[in-house]
Amino acid sequence: MYKKGIYTILYQQKLARDVYVMKLFGDTSFITAPGQFVNILLEGRYLRRPISICDWNENTITLIYKVVGEGTRQMSTMEPGVKLDLLTGLGNGFDVSRCGQRVLLVGGGVGVPPLYGLAKALLAAGKTPMMVMGFQSKEDVFYQKEFEELGCPVYVATADGSAGVKGFVTHAIAQAELTYDDYCACGPIPMLKALYDACPTTGQLSFEERMGCGFGACMGCSCKTKYGSKRICKDGPVLTKEEIIW
């Protein structure tokens, strides 16, 4: 179930290379789980890809997005006070009740934002999240401090070795010798596949990168599972490791 509403930009700032954070004021009552997303109407058109919710409270939504096309470029120029037409509460999000006591959170690039709200929900449930984030280089790193301020141990991997461990998130996990009950991940498909193969525990994977229209209408994000074909932006974006056919 989703809700259409008008939201006002409270602030916006650049976080990293082509990455922005935007905070909006409006109704958040239809947001029920970390990892859900919004669709934004810009001058009569929806962005090609929905944007995951980073965080929310009773009347604000925080979004972190990357400029990848004309729509998000247009968003990056907007000032506080501008009103946006949003659909909120889209997607299923991560299920905190399925998580064990020690939870590994793994985010790649703009797959990091939805894990922030998840980390807060896990802490509120008395669980222990550990954050591993992967980027191309030091210039792309964002939200490390914010996770640390929550009290989460943070491990960073960069492909060029300019920050943290050189390599990918799987290298950071191996080098730190992290132990965990299960994991939750969001990021590029190759990263999710590597985790699927490398992590023997149960897991929840957000296929946000595969979402197209945000409504499950275009069938472009159709994914085979043990329970039949699922459309990521309608039946996801979060799928469990147990149901994924890879």
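- A donor and an acceptor atom, one from each side chain of Ser206 and Glu208, are nowhere located under 3.5 Å apart.
- Within 6.0 Å of CD on Glu242 lie more than 12 heavy atoms contributed by other residues, nucleotides or ligands.
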- Message: Go through it in stages, so that I can follow the logic: the residues are Gln101 and Thr128, the test is side chain to side chain contact (heavy atoms under 4.5 Å, CB included), and I'd like the CA-CA distance, side-chain angles, deciding distance and then a yes or no.
- Response: CA-CA 6 Å; Gln101 185 59 38; Thr128 304; 4.0 Å; yes
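- Other residues, nucleotides and ligands place no more than 12 heavy atoms under 6.0 Å from the CZ atom of Phe168.
- Put simply, the side chain of Tyr180 reaches to within 4.5 Å of the side chain of Cys199, judged on heavy atoms.
- In terms of hydrophobic clustering, with Ile, Leu, Val, Met, Phe, Trp and Tyr side chains grouped at heavy-atom distances under 4.5 Å, Ile53 and Val96 are assigned to different clusters.
- Asp18 and Lys14 make their closest contact through N-CE, 3.8 Å (heavy atoms, listed as atom of the first residue, atom of the second, distance).
- Scanning both residues, Ala33 and Phe94, for their nearest heavy atoms gives CB-O, 3.9 Å.
- For Lys138, the NZ atom is loosely surrounded, since the number of other residues' heavy atoms within 6.0 Å does not exceed 12.
- Residues Trp246 and Ile189 come closest through the heavy atom pair CZ2-CG2, 3.9 Å.
- A single hydrophobic cluster is seen to contain both Val112 and Leu123, as judged by linkage of ILVMFWY side chains at heavy-atom distances under 4.5 Å, directly or through other members.
- With hydrogens and angles ignored, the 3.5 Å screen pairs no side-chain donor or acceptor of Gln136 with any backbone N or O of Ala159.
- Residues Val106 and Leu192 fall within the same hydrophobic cluster, defined by Ile, Leu, Val, Met, Phe, Trp and Tyr side chains chained together at heavy-atom separations under 4.5 Å.
- No donor-acceptor contact under 3.5 angstrom links the side chains of Lys224 and Ser229, judged on distance only.
- Arg17 and Ser137 form a side-chain donor-acceptor contact under 3.5 Å, judged by distance and modelled atom types alone.
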- Query: Going through the checks in order, is the side chain to side chain contact (heavy atoms under 4.5 Å, CB included) test met by Asp235 and Asn92?
  - Reply: CA-CA 7 Å; Asp235 305 308; Asn92 60 351; over 6 Å; no
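- Shortest non-hydrogen contact noted between Leu63 and Ser52 is CD2-O, 3.8 Å.
- Using a 4.5 Å heavy-atom threshold, the side chains of Pro113 and Phe142 count as touching.
- Contact annotation: the side chain of Met131 never approaches that of Tyr143 to less than 4.5 Å [non-hydrogen atoms, C-beta and beyond].
- Taking both residues in full, the closest heavy atoms of Leu122 and Leu105 are given as CD1-CD2, 3.8 Å, listed atom of the first, atom of the second, then distance.
- The backbone N or O of Thr28 sits nowhere less than 3.5 Å from a side-chain atom of Thr88 that would complete a donor-acceptor pair.
- Contact of the Tyr155 side chain with the Val169 side chain is not registered, since no non-hydrogen atoms from C-beta on lie closer than 4.5 Å.
- Pro34 is not listed as a side-chain neighbour of Lys120, based on a closest heavy-atom distance of 4.5 Å or more.
- Shortest non-hydrogen contact noted between Val132 and Ala172 is CG1-CB, 4.0 Å.
- Although no hydrogens or angles enter the test, the distance criterion places no donor-acceptor pair under 3.5 Å between the side chain of Glu243 and the main chain of Tyr227.
- When side chains are defined from C-beta on, Val21 does not count as touching Cys54, because their heavy atoms never get closer than 4.5 Å.
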